[in-house]
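Read the structure below first, then the notes.
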Amino acid sequence: VWQWKKETGSTILNQLKALGISCDWSHERFTMDEGLSRAVREAFVRLWADGLLYRAERLINWCPRCKTALADIEVVHEETDGHLWHIRYPFVDDASSGLTVATTRPETMLGDTAVAVNPEDPRYRHAIDRKVRLPIVGREIAVIADSYVDPTFGTGALKITPGHDFNDFEIGQKYHLPIICIFDDDAKIRAAAFAENGYEPTWLERYKGKDRFEARKLVVEQLKEEGHLEKIEPYRLALGRCYRCQTPVEPYLTPQWFVKIKPLAEPAMEVVRDGRLKIVPEGWANSYFAWMENIKDWTISRQIWWGHQIPAWYCVACEQGHIIKTGQGDFMLTKEAKPIVAREQPTKCPQCGGDKFIRDPDVLDTWFSSGLWPFSTLGWPDETEDLQRFYPTSALVTGFDILFFWVARMIMMGLKFMDNVPFRDVYIHALVRDQEGQKMSKSKGNVIDPLEVMDKFGTDAFRFTLAALAAMGRDVKLAEDRIAGYQNFVNKLWNAARFVLMNLSGGRQSADESSNGDLNLADQWILSRLAATISKVREAVDAYRFNEFAHHLYQFTWHEFCDWYIEMSKLALNSGDANERSKTECVLATVLENILLLLHPVMPFVTEEIWHALKEKLGQKERQPTIMLQSYPRAVETDIHPEAEQRVGYLMEITRAVRNLRAEMNCPPSKEVKVVLFGSADNLSLLQAQERYLKALARVGALEYRSDGERPKGAATAVVGETEVYVPLGDLINLDEEKSRLSRELARVEDELARVRKKLGNSDFIAKAKEEVVRREKQKAAEFEDKIRTLNQSLGRIEEIAGDKA
RNA sequence: GGUCGCAUAGCUCAGUUGGUUAGAGCGCGCGCCUCACAUGCGCGAGGUCGUAGGUUCAACUCCUACUGCGACCACCA
């Protein structure tokens, strides 16, 4: 175990570290550590004392390959093609007639001890309380009536094998039927089974020691030979397999340890119901309840070679008769053996005073110790400081596949032993699937090794991608294109940082000491946008909406900071105004630092790197050793500046309009153009005040502002709000192109207007819609009408020119 | 068999209380080596939001049915 742990454990740790996960490595624990073993023994003893543990012989799920008991949850059911075999069991009193049973497992007939029919089934009234003779075996078994039998399934007659089927076991208990276990722990035919029941089978030679599937063939063959096989139908059945080795599970009768689960499950459901523990996304709470409500006692003993050995001892003197030797040094305890449950081996038997004990050879299901994890790792059962401080934790992040295996158990155990939930939130993250959406699995060979991906694209890009794709409640198809895209984002951030660093004068000014009085418009704007972004990012994280988190940061960093602000900042930096320049430097540094802090959880490596460079440049390096110790940014209320946002928004629209016109008219970027703007005095004075931005961003040479008068002829035109934008191109203008462009735009706006008018024409709409909605629609209509008017005028002028030319 | 989820641009996906010109990334088209970045910059094309009904003044958004995927749970032989 320890060798295995060393290898696997270090692989996992290396992966985690490569992923840039920052943990308190001093708290690393392994299930088999002494501290945890102690917690396991303590928990076991307490459960026993509280009557929540018992040892009993039950039909349990058994893996004949692993030779161990399995919990229900460790059995995976899989639709499998099989057959329904119809076998005829003749009546003892009249061999010429009989009952036909249908079964998916003909070999188990060797252990049948009854046939059941539904008491209401008219076909079988005559059969009740008669006896039938088992083919091959020759044993006489009773026909019983029980409403459990579904008359519509198969033949309506059900063979009862209490030793090898869960339902049959129940029925067997109800009618006190004998139990014949025909298999040994290998699922091979066990000869002794028949001798035990007083049979001297001559037919046994043929089956003895045969595996269950071989036995099936032989049974079918013999039934056929003897004329008892009536029919074989194809049938799909849900076959239970061992979750580890896929071997079909065999119901098997052995003594095992069980946890009485209902008393633990009840409170565990309650805390989710009353909100003391939140499952995110909520949808999983339904599954959680469904599972908890139908939960059966938990088989916790395992017959495997490693794990926590069960802390139960048996007095050799008292239990002698219940100890069965099964091999050299191996032994088994019958269901009658009385365990002494204790933290340590007892010194004296309370019954006989004997001092010789053997310890229960079984070990515990690993999930038993895992269930104690939230507190066993913190020193429980001691009242440690760690326990005080860290229990309960705020959130558990995990995949749905262990919601039942582990999470549910932690909740039950936490409530039982700590009297409190182990964590407040359970965030069920998406499962990463391959490009085709298939679940990754070793057997399918479609596993994506995170180390390889990180090697190719970088850890930061990989982490950011996972966050960006982690939309609530949806699995992730990991596409390399996507990672490549975010790799570019990392690069973009790097280059933006380079720009900022090369423009900082250095040393003299610190980013957080900026005086925010009389900043220029761009500075006000970006700080306002930053504040808004911080708020949205925080909201997203609080709600576990990591895709929104990533989206907002991507959008802000690339499309606001880089695309607009950095470009605008160049004007301030080159303005020759030292005061303005230093303020802009401050803002650049502030925004960059905030971006780094905001992104750090998803992009730890680049952000750390850039942050150090930034701190060095600002002369603050010694003060702050690592970005990780910084607190997460909070939005600065006073930075919020709606007016600046609105103004820059307008400026951006005009800029886009000019760029658009240039592009449509195939005007090369190298060529400066003249722009004439018509609009209200307010808007124009704003534009005029900020015209350096317009000139730089849209490559405009000269700008003219007019409130009314003749519109320029031969100009490409656009309408932004109430502002008309003209780019006079003189003879360069392509009349046809401009005409079709304007017509297209006109058609689009007319469409919009028609839609809005239709709404406004509907009296129900006016009467019933919210006032604000109506007002907005009216405003839209007015805007569209204005726009249509100017577009028509522009079209008119184009046609005029065309006319002149012709 | 039961339960739940998903169907939106060529691809992968967002769209939080019903009213937006339905968005992003990649891909695609056009134009650019504009002094942080061609892993880049600018502009653009592309969707009757799976089908059929219903509720509503108004539906991608709510309800029903259907179709097609997917997952989980399940002892009907």
Side-chain angles (χ1 to χ4, degrees), chain A residues 59 72-73 77 84-85 101-105 108 116 148-150 152-161 165-170 235 237-238 240 251 283-284 286-287 290-291 294 400-401 403-404 431 433 435 437 439 465 468-469 471-482 484-503 539 543 545 547-548 551 554-555 559 562-563 566-567 570 574 656 659-664 666-670 696-699 748-749 751-752 755 759 762-770 772-774 776-777 780:
Chain A
L59 206 53
D72 292 345
I73 195 175
H77 293 266
L84 206 51
W85 320 79
V101 297
T103 180
T104 54
R105 298 200 56 196
T108 62
Y148 167 78
V149 180
D150 176 358
T152 65
F153 187 91
T155 60
L158 170 65
K159 66 192 259 321
I160 304 293
T161 323
D165 181 280
F166 292 99
N167 296 311
D168 294 7
F169 180 79
E170 301 259 311
Y235 183 69
L237 66 154
W284 288 108
N286 287 332
S287 311
W291 189 75
N294 299 317
F400 76 88
D401 46 344
L403 183 59
F404 308 132
L431 224 56
R433 297 169 178 277
Q435 319 223 10
K439 195 165 167 176
T465 306
L469 296 182
M472 274 276 191
R474 188 158 181 154
D475 285 348
V476 168
K477 275 188 234 176
L478 193 60
E480 290 211 339
D481 287 5
R482 207 68 195 261
Y486 291 119
Q487 187 182 20
N488 292 350
F489 177 58
V490 176
N491 189 252
K492 186 75 180 176
L493 175 65
W494 180 257
N495 282 309
R498 274 185 52 212
F499 173 84
V500 174
L501 290 173
M502 77 174 51
N503 279 292
E539 265 175 47
R545 294 175 183 275
N547 61 323
E548 290 182 13
H551 175 77
Y554 183 96
Q555 177 66 26
H559 298 304
C562 291
D563 286 355
I566 283 186
E567 292 309 317
K570 287 174 183 172
N574 300 327
R656 282 203 196 95
R659 283 172 176 172
N660 183 335
L661 292 177
R662 297 181 55 118
E664 299 261 348
N666 294 319
C667 175
S670 52
L697 298 174
R699 311 216 133 235
R748 194 186 62 87
V749 180
D751 255 22
E752 293 291 332
R755 240 181 10 204
K759 261 192 203 176
N762 183 339
S763 56
D764 280 334
F765 173 71
I766 305 290
K768 295 182 183 171
K770 275 178 281 182
E772 199 219 313
V773 174
V774 176
R776 215 162 50 218
E777 290 300 313
K780 263 199 268 180

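Chain A is the first sequence line, chain B the second, and so forth, proteins listed ahead of strands; every chain is numbered from 1.
The side chain of His77(A) lies closest to A74(B), out of A74(B), C57(B), C37(B). The Phe765(A) side chain lies nearest to C57(B) when the options are C57(B), G40(B), A77(B). Here G25(B) is the nucleotide among G44(B), C41(B), G25(B) with the atom lying nearest to any side-chain atom of Arg482(A). If you check A77(B), C73(B), U20(B) against the side chain of Leu158(A), the one that comes closest is A77(B). Minimum atom distance to the side chain of Glu752(A) is reached by U21(B), of the listed A36(B), U21(B), C76(B). If you check A36(B), C57(B), G42(B) against the side chain of Ile566(A), the one that comes closest is A36(B). In the set U16(B), A77(B), U39(B), the nucleotide with an atom closest to the side chain of Tyr235(A) is A77(B). Counting only heavy atoms from C-beta on, Asn488(A) has its side chain closest to U39(B) among U20(B), C57(B), U39(B). Taking the side chain of Asn495(A) as heavy atoms from C-beta on, and the options U20(B), A36(B), G19(B), the nearest nucleotide is A36(B). Distances from the side chain of Ala769(A) to the nucleotides U21(B), C37(B), C57(B) place C57(B) closest.
Comparing U8(B) with A77(B), their C1' atoms are spaced 46 Å from each other, to the whole Å. Separating the C1' atom of A52(B) from that of G10(B) is a span of 27 Å, rounded to the nearest Å. To the nearest whole angstrom, the two P atoms, one in G18(B) and one in G31(B), are 47 Å apart. Rounded to whole Å, the separation between the P atoms of C49(B) and U61(B) comes to 9 Å. Between A24(B) and G47(B), the distance separating the two P atoms is 15 Å to the nearest Å. With C1' as the reference atom, U21(B) and C26(B) are 24 Å apart, rounded to whole Å. Comparing the P positions of G23(B) and G46(B) gives a spacing of 13 Å, expressed to the nearest Å. Straight-line distance between the C1' atoms of G40(B) and U56(B): roughly 49 Å, to the nearest whole Å.
A donor N or O paired with an acceptor N or O is found under 3.5 Å between the base of C75(B) and the side-chain atoms of Asn167(A). One can find a donor-acceptor pair under 3.5 Å joining the base of A36(B) and the side-chain atoms of Glu567(A). One donor-acceptor pair, N or O on each side, does fall under 3.5 Å between the base of C76(B) and the side chain of Asp150(A).
Using a 4.0 Å heavy-atom distance criterion, Arg656(A) is classed as a sugar-phosphate-only contact. Contact annotation for Ser287(A): no contact, since no heavy-atom pair falls under 4.0 Å across all strands. Note on Val149(A): a base of the nucleic acid sits closer than 4.0 angstrom, heavy atoms only. Asp563(A) comes within 4.0 angstrom of the backbone, heavy atoms only, and of no base. Nucleic acid contact for Glu170(A): none, since no nucleic acid atom lies under 4.0 Å from a heavy atom of the residue. Within 4.0 Å of Lys770(A), counting heavy atoms only, lies at least one base atom of the nucleic acid. Among the heavy atoms of the strands, none lies under 4.0 Å from Cys667(A). In this structure, Ala238(A) reaches the bases: a heavy-atom distance under 4.0 Å links it to at least one base atom across the strands shown. Note on Phe169(A): nothing from the nucleic acid sits closer than 4.0 angstrom, heavy atoms only. Here Phe166(A) lies out of heavy-atom contact (under 4.0 Å) with every strand. Using a 4.0 Å heavy-atom distance criterion, Leu501(A) is classed as making no nucleic acid contact.
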- Bracket string, RNA chain B, 5' to 3' - pairs by Watson-Crick or G-U geometry under 3.5 Å, | interstrand: (((((((..((((.....[...)))).(((((.......))))).....(((((..]....))))))))))))....
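Atom pair Trp284(A):CH2 and C4(B):P shows a separation of 13 Å (rounding to whole Å applied). Note: CZ (Arg755(A)) to C1' (A58(B)) measures 12 Å, nearest angstrom. Between the CZ atom of Arg659(A) and the P atom of C41(B) there is a distance of 11 Å, given to the nearest Å. Atom-to-atom, CD1 of Ile160(A) to P of C76(B) comes out at 15 Å; the value is rounded to the nearest Å.
For Asn660(A) and G44(B), the shortest distance from a side-chain N or O to OP1 or OP2 is below 4.0 Å. Under 4.0 angstrom from either OP1 or OP2 of C13(B) there lies no side-chain N or O belonging to His551(A). Listed pair His559(A) / G42(B) fails the phosphate criterion, with no side-chain N or O lying under 4.0 Å from OP1 or OP2. An OP1 or OP2 oxygen of C41(B) is reached within less than 4.0 angstrom by a side-chain nitrogen or oxygen of Lys492(A). Side-chain N/O atoms of Asn286(A) include none lying less than 4.0 angstrom from OP1 or OP2 on U3(B).
Residue-to-nucleotide proximity on RNA chain B shows that, of Arg699(A) and Phe153(A), the 5′-proximal contact is made by Arg699(A). Of the residues near RNA chain B, Glu664(A) and Asn491(A), the one whose nearest nucleotide (by heavy atom distance) lies more toward the 5' end is Asn491(A).
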- Message: Walk me through whether Arg545(A) and Asn547(A) qualify under side chain to side chain contact (heavy atoms under 4.5 Å, CB included).
- Response: CA-CA 6 Å; Arg545(A) 294 175 183 275; Asn547(A) 61 323; 4.1 Å; yes
- List the steps, then state whether side chain to side chain contact (heavy atoms under 4.5 Å, CB included) holds for Tyr148(A) with Glu170(A). CA-CA 10 Å; Tyr148(A) 167 78; Glu170(A) 301 259 311; over 6 Å; no
- Can Lys570(A) and Phe499(A) be said to form a side chain to side chain contact (heavy atoms under 4.5 Å, CB included), step by step? CA-CA 10 Å; Lys570(A) 287 174 183 172; Phe499(A) 173 84; 3.6 Å; yes
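Note on ring orientation: taking the six-membered ring where Trp is involved, the planes of Phe400(A) and Trp284(A) are parallel (angle under 30°, cut-offs 30° and 60°).
For Arg656(A), there are no salt bridge (charged side-chain N to carboxylate O under 4.0 Å, His left out) partners, not counting sequence neighbours.
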